[in-house]
Structures are given as C-alpha cells and as structure tokens.
Amino acid sequence: MTAELVRGQNHPLSRSRVEVRVSAGTPVLALAQLGDDAGRLAGPGAVAHPGARTLPGLEVPGAASGQHRIAVDLDAVAPAVHRVGFVLVLPPGGPGHFGAVPASYVSVADPEGAELAGYTLTGLETETAVVALELYRRQGAWKVRAVGQGYAAGLGALLADAGLPAPAAAELAAAALGAAPAGDITLAARPGGPAPTVPRGLRAPDPAPAPAPASAPAPAPAPQDVPPAPSAPTPPEPVVPASGAPYAGTPGPVPAQGADTAGGPPTISYAHPRRRTSTEPPEPAPRPAAPTGPGEAPRPVAGDASGWSMEERLYNQVWGMFEDLARAVAAYRGAVEFADSRMDRELDEALSDPRHRLGGSGNAARDAARARREELVARAQEVLDRDLVQLTAESEVVEPALPAAYARWDDPVWQAHSVPAEAPLALRLGDLHLPERPDLRIPMLVRVPLERGLWIDNGRTGSEAAMAMDTDRLRRAAMDMAVAHAARMLAAHPADRFAVHVIDAAGAGAASLAPLVRAGVLAGAPAAGAAGVTETLERLTRRVDLVQMAVRAGAPEDLPPDVDTSDQLLIVHDFPHGFDDRAVTRLRYLADEGPAVGVHLLMVADRDEASAYGPLLDPLWRSLMRLSPVPDNHLADPWVHHAWIFEPDLPPQGSRVLDQALERVAAARGGAR
C-alpha cells in the first residue's frame with residue numbers, strides 16, 4: 001500500500017535500493033543533491049545535474065522530460081551524507097512557473113516496482129525550482145520526507161539556501177541548465193491514473209520564505225546562524241521575538257532575528273561554533289542504532305548523530321529530534337486542514353445539488369462527507385502517534401545522557417558535576433513542546449559563546465500567563481531565572497574563564513542574587529544607584545573598545561594588564577531605573593558590539609517601563625533573544641514555524657543544586673589562584 005504523504009510528512013524505507021519516480025505536468029529537469037545532517041551541501045560536487053550526472057549511489061537523467069526514474073543505492077552513499085534531496089527545475093524556454101502547470105507527483109518505489117510512498121506537489125505558484133522530497137538518515141535507518149520547498153528565484157537561490165556561496169550557486173545553476181538538451185516533451189501520468197489535484201487554497205503549511213536571489217550576496221550568519229559553506233553546519237535553533245513581536249525573531253523566516261513583527265513568532269538558524277573546513281577529515285559516522293526485529297523501528301541510541309565528540313553528537317541529536325517533531329506535527333496539521341477543507345467543499349456541493357433536496361439523499365451525502373473526513377484524520381493521527389512513540393523513546397534515552405550544560409537542574413548529573421577544563425558547546429535555557437504532546441519536551445539549547453544577548457521579560461503584558469500572575473511574583477521569577485542562567489554559565493565554563501557583573505540599581509533583586517553573592521563568584525558587588533550604573537557601563541565599554549582595537553591591530557598582547565580577557569556577562573535588573581541617556585547609549589553599544597569580543601548582556605526588564613525612551617530602544621529589544629519566566633508560546637522553529645510553548649528550566653524548589661554548583665565554581669577559582 002502506498003503511503004500518501006503531505007508536506008513535511010515522513011515514511012520509513014525498508015529497502016536500501018529504491019527508485020525515485022517523477023511524473024510531471026511539463027518537462028522538468030531532475031537533479032539530486034547530497035547534504036549533511038543539516039541538509040547543507042559540501043560544495044558544487046555534491047549536486048548531480050545534466051552536466052555532471054553521477055554521484056555515489058545514483059545517476060540523474062541528462063535531459064528535461066515529463067517523467068523520470070532515478071535508481072538509488074543508499075548503501076553506496078558516503079557515511080558523511082545524511083540527506084539525498086531530489087530537485088525539480090523548469091528548464092529555460094518552458095512554462096514560467098510551477099503554478100502554471102498541473103501538479104507534479106514524486107514517489108519512491110522498491111526494486112520490484114511497488115510504490116512505497118508518494119507525494120503530490122501542491123500549493124506551488126511562482127516557483128521555478130523545488131526540492132520535491134528527500135531521503136534522509138535517522139538512527140541508522142533511512143526515511144523519505146515530502147519537502148515541497150519551492151524557490152521563485154530559481155535553482156541558484158535553491159543551491160544558495162543549501163549552503164553554497166551565491167557566486168558558486170549561480171555558476172552551478174547556469175551549468176546545470178545550460179547542459180540540458182530540450183529533452184522529451186511527453187508528459188507522464190501517475191502510475192495507476194492521473195496525479196491527484198487539490199483545489200487552489202488547500203495546501204500544506206506555508207514553507208519558509210524564499211531565500212534571496214542567487215545574484216545577491218550570501219547573507220551573513222545571524223547570531224548563532226548557519227556558517228558559510230564549506231563549513232559543516234548544524235541544524236537551526238529557535239529564537240525569541242521581542243515583546244509584541246515574534247523568537248523563535250528568531251522562530252519565523254520571518255523577520256530578521258529578534259525583529260518585531262505583527263504576525264507571530266520569528267526564527268533563526270545557527271551554526272556550530274567549532275567550524276570545520278572541507279579540507280579537514282570527515283567527522284566520525286554516527287553509531288548504528290540498536291538492532292530490532294523485522295519491520296520494527298530501530299531502538300533509539302543516545303549520541304547517534306554525527307559529531308566529533310559525544311557532546312556534539314548529543315547536541316545534533318537534540319536538534320534532529322526537534323526537527324522531526326516539528327515536521328511530524330506539521331504533517332498531521334496539514335492533513336487535518338486538508339480533511340476539513342475537503343469536507344466543507346463536499347458539504348457545499350451536497351447542499352447546492354437540487355437532487356439532494358428531496359428525500360434523504362442530502363443527509364446521506366453529508367454523513368458520507370463527514371465519514372471521509374474522520375477517516376482521513378484517523379489515518380493522520382495514526383501516523384503522528386507512530387512518530388511520537390519513536391520520538392518519546394528517543395527522548396527517554398537521550399535525556400539521561402546529556403552533560404550538565406544540557407541537562408535539567410534536577411538531573412542527577414549535577415550532583416557529580418565538577419568545573420570543566422573546556423567551555424561547553426551549548427547551554428540549556430529551557431524546554432519546548434507542542435499541544436499535540438505536552439509531555440514530550442525538547443531541550444532548548446543555545447550555543448556559547450552567546451552571539452546575541454538575552455532578555456527575560458518581566459512585564460505582565462508579554463503573555464496570558466504573565467497577565468495572570470502577581471507583579472511581584474513575576475518579577476521575582478524573572479530574576480530567579482536570570483540567576484539560574486548565570487549560575488549555569490559559570491558552572492559550565494572553566495574556572496576564571498567567565499565573569500559575571502550585576503547592575504541592580506534599586507536593589508530590588510537582592511533576594512534572587514543572594515546565591516551568587518554568597519558564593520563570592522561575582523566580579524564585584526552588584527552596582528546600585530546611578531553612579532554604580534555609570535561606573536559598570538564605563539568599565540565594560542572600555543573593555544570592548546580596547547579589545548576591538550587590539551584585534552584589529554593584530555596585537556592582543558598589547559592590551560593593558562587590567563583588562564580582563566575572559567568572557568563577561570552583564571545582568572541588568574530593573575532597567576531603566578538609574579539609567580540616563582548616556583547610560584542607555586552605552587547599553588545599546590554593549591548589546592551591539594559586545595558579543596563579538598566576549599561581553600554578553602542579560603536583561604531583566606519590562607519593555608513597557610522603558611517606553612518613555614520611545615523608538616530609541618527598539619533596536620535594543622530587537623537585538624536580544626526574548627525569554628519568558630512563565631510558560632509562553634513566543635518561540636517558533638526554523639522549519640515549519642510552529643508556535644512552541646517555552647518553559648524555563650529552574651532548580652527544584654528547596655533544592656541546593658544551584659548553591660552546590662556555585663560552591664564548586666568558587667572552590668575551583670580558589671585552587672586556580
């Protein structure tokens with residue numbers, strides 16, 4: 001039985017030798033591209049096209065045609081390849097865009113010809129190139145995913161979005177299109193009948209916005225964004241929008257990272273801080289999944305993603321789980337939306353047919369439409385449940401294996417934690433989940449060093465949960481959250497490699513700051529009053545200026561001896577209390593220039609209280625990643641842009657785990673002196 005996929009849905013493959021079939025409504029070119037676990041291309045040689053048709057394990061057609069068959073041997077694909085994407089492109093001289101031709105149909109069949117899964121590319125309009133589907137490696141097994149990501153700017157934009165520099169992408173696109181002869185103009189029908197059509201307006205969730213044209217320069221990486229090829233990137237990370245705007249600014253392809261929007265959460269992608277070049281040896285292959293019985297999904301194994309260390313493999317695995325859950329839920333929601341739309345259309349047709357106005361035929365038609373809707377929803381629920389069972393099983397083996405920097409505060413790993421000799425790859429800020437499975441939590445990891453500041457919103461207008469809380473309780477929760485993040489940063493870094501400064505102008509955060517003050521791990525006493533604000537900002541601004549000049553001059557050894565070269569975190573509480581215009585300008589400068597030279601900002605503030613400064617502070621809020629001290633759906637993923645519910649990770653009530661972690665930091669600093 002063929003699995004009928006919708007955009008974002010996946011299906012397991014039981015064979016390593018398969019055939020990808022294309023039935024298009026017009027002659028198209030069929031290309032293939034080999035990507036890493038984030039879907040990024042290592043270079044132009046990772047794309048098979050009419051001018052260079054062969055890649056390990058597959059060979060693409062050399063001409064445009066209405067039908068294609070591509071034999072794929074997944075056993076022959078290199079271990080570093082995690083995704084094999086199949087691209088359809090309209091050749092020069094053909095129809096202007098996919099919206100002007102019948103929907104194409106792509107499928108995967110076994111060597112005997114039996115179709116395993118199929119996908120109809122609906123919802124395309126001005127696009128001229130589209131990633132139709134991909135075969136991807138997950139836990140040692142292969143799956144097929146319906147992608148349907150189109151590009152109005154053409155093949156060059158598609159390749160640039162996959163990681164090639166814009167000039168190389170444009171050159172490769174020109175070579176691929178120029179090498180293809182006119183080809184066969186015969187149009188093929190879908191096996192077993194014409195390709196199904198979907199009325200315009202019924203479509204799967206909108207894809208990410210089309211990337212910039214291939215002629216435009218490659219976008220610079222956003223904070224923690226994807227590095228330029230040929231580096232080895234990792235999956236994207238969600239982000240938080242500013243209050244009244246979209247995170248994920250940061251969940252949506254939406255506005256730039258952290259930008260204000262009126263339409264929902266934003267998104268950003270981010271890259272591995274330990275970037276490698278293509279000249280370095282490939283990273284170790286992931287460990288094979290545990291064997292299972294025939295027809296069973298492989299049992300999850302912690303650290304089965306690619307990476308040089310267990311920490312990196314677990315980091316990549318978490319983001320693989322994040323993507324799988326996002327796409328599985330997108331497929332379910334798309335199927336339900338389609339079922340509802342089809343039922344509405346059938347009910348309208350039944351009511352408008354005069355024959356159904358007599359007797360009971362109208363009721364029968366309505367009952368049949370509802371029954372078909374329930375059948376479709378039940379099938380979609382069955383597929384979602386299957387994916388959720390697998391992801392839950394994976395979460396149950398991954399969570400206990402996480403290092404302290406990634407683990408919850410209540411994890412036993414913190415009891416045996418000691419100050420490390422190296423900085424971590426990332427830190428956990430909280431958990432993300434979706435309404436379809438609230439108990440399936442995905443760790444929200446942010447890479448370090450931080451490439452953008454954090455803003456913990458203690459305002460009551462940020463979310464419904466915040467509006468339901470008492471103001472004092474909300475502000476205490478926000479400051480407790482900031483202290484927990486600072487403690488985690490200190491505990492996860494080597495001794496004397498991370499310094500924390502605090503501005504608490506009115507002294508209102510003293511109760512929350514007590515663990516940091518008691519342990520003696522702050523760089524100095526919390527700054528109070530306008531004078532304290534001015535002195536702290538002057539000192540950190542001077543450090544930023546001096547380090548910037550030393551870096552530009554290539555003479556870091558010439559820095560004055562009183563300049564602390566370790567990373568710095570500035571916690572600002574109760575902003576804008578104690579700030580004048582000059583102090584506000586310095587704060588904005590630190591937010592913009594500080595991360596590049598190791599000075600990071602953590603704001604605990606209510607945006608409404610700073611409204612007297614007007615639009616002067618808008619760039620500041622947009623530059624920060626907004627977090628909420630209470631559960632809130634202000635984040636979105638970078639794949640399908642769901643609104644995810646974020647919950648902060650805090651030490652359990654009454655636990656001494658945070659104090660113990662800080663005591664170890666203080667002891668390690670004393671031993672290092």
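Computation of the quantities below employed the complete heavy-atom set of this structure, encompassing side-chain atoms and omitting hydrogens, waters and symmetry-equivalent molecules.
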- [ ] Indicate the atoms forming the closest heavy-atom contact of V89 with L177, along with that distance.
- [x] CG1-CD2, 3.8 Å
TODO: Please check if atom CD in E171 has more than 12 non-hydrogen atoms from other residues, nucleotides or ligands closer than 6.0 Å.
DONE: no
- [ ] Return the minimal non-hydrogen interatomic distance between A305 and N316, and the atom names on each side.
- [x] CB-CB, 3.7 Å
Task: Plane angle bin for H634 and F646 - parallel if under 30°, tilted between 30 and 60°, otherwise perpendicular - done: perpendicular
Open item on the list: Between R83 and R137 (side chain of the first, backbone of the second, donor and acceptor by atom type, cut-off under 3.5 Å), is there such a pair?
Closed with: no
- [ ] State, to 0.1 Å, how close Y105 and G118 come at their nearest heavy-atom pair, and which atoms those are.
- [x] OH-CA, 3.2 Å
- [ ] Going by the side-chain contact (heavy atoms from CB on, under 4.5 Å) test, name the single residue among V84, V147, V144, N10 that passes it with E134.
- [x] V147
Open item on the list: Using every non-hydrogen atom in the two residues, find where R452 and R622 come nearest and quote the distance to one decimal.
Closed with: NH2-O, 3.6 Å
- [ ] Kindly assign one of parallel, tilted or perpendicular to the pair W319 and W639, based on the angle between their ring planes and the thresholds 30° and 60°.
- [x] tilted
Open item on the list: Check R607 with D618, please: is the shortest side-chain N to carboxylate O separation under 4.0 Å?
Closed with: yes
- [ ] Go through the steps to decide whether Y589 and D545 satisfy the test side-chain contact (heavy atoms from CB on, under 4.5 Å), and finish with yes or no.
- [x] CA-CA 10 Å; Y589 176 75; D545 290 339; 2.4 Å; yes
Open item on the list: Ignoring hydrogens, what is the shortest heavy-atom contact between A30 and V60? Give both atom names and the distance.
Closed with: O-CB, 3.5 Å
- [ ] Identify the two heavy atoms, one from L434 and one from A643, that lie closest to each other, and give their separation to 0.1 Å.
- [x] CD2-O, 3.8 Å
Task: Aromatic plane relationship, Y315 with Y406 - under 30° parallel, 30 to 60° tilted, over 60° perpendicular - done: tilted
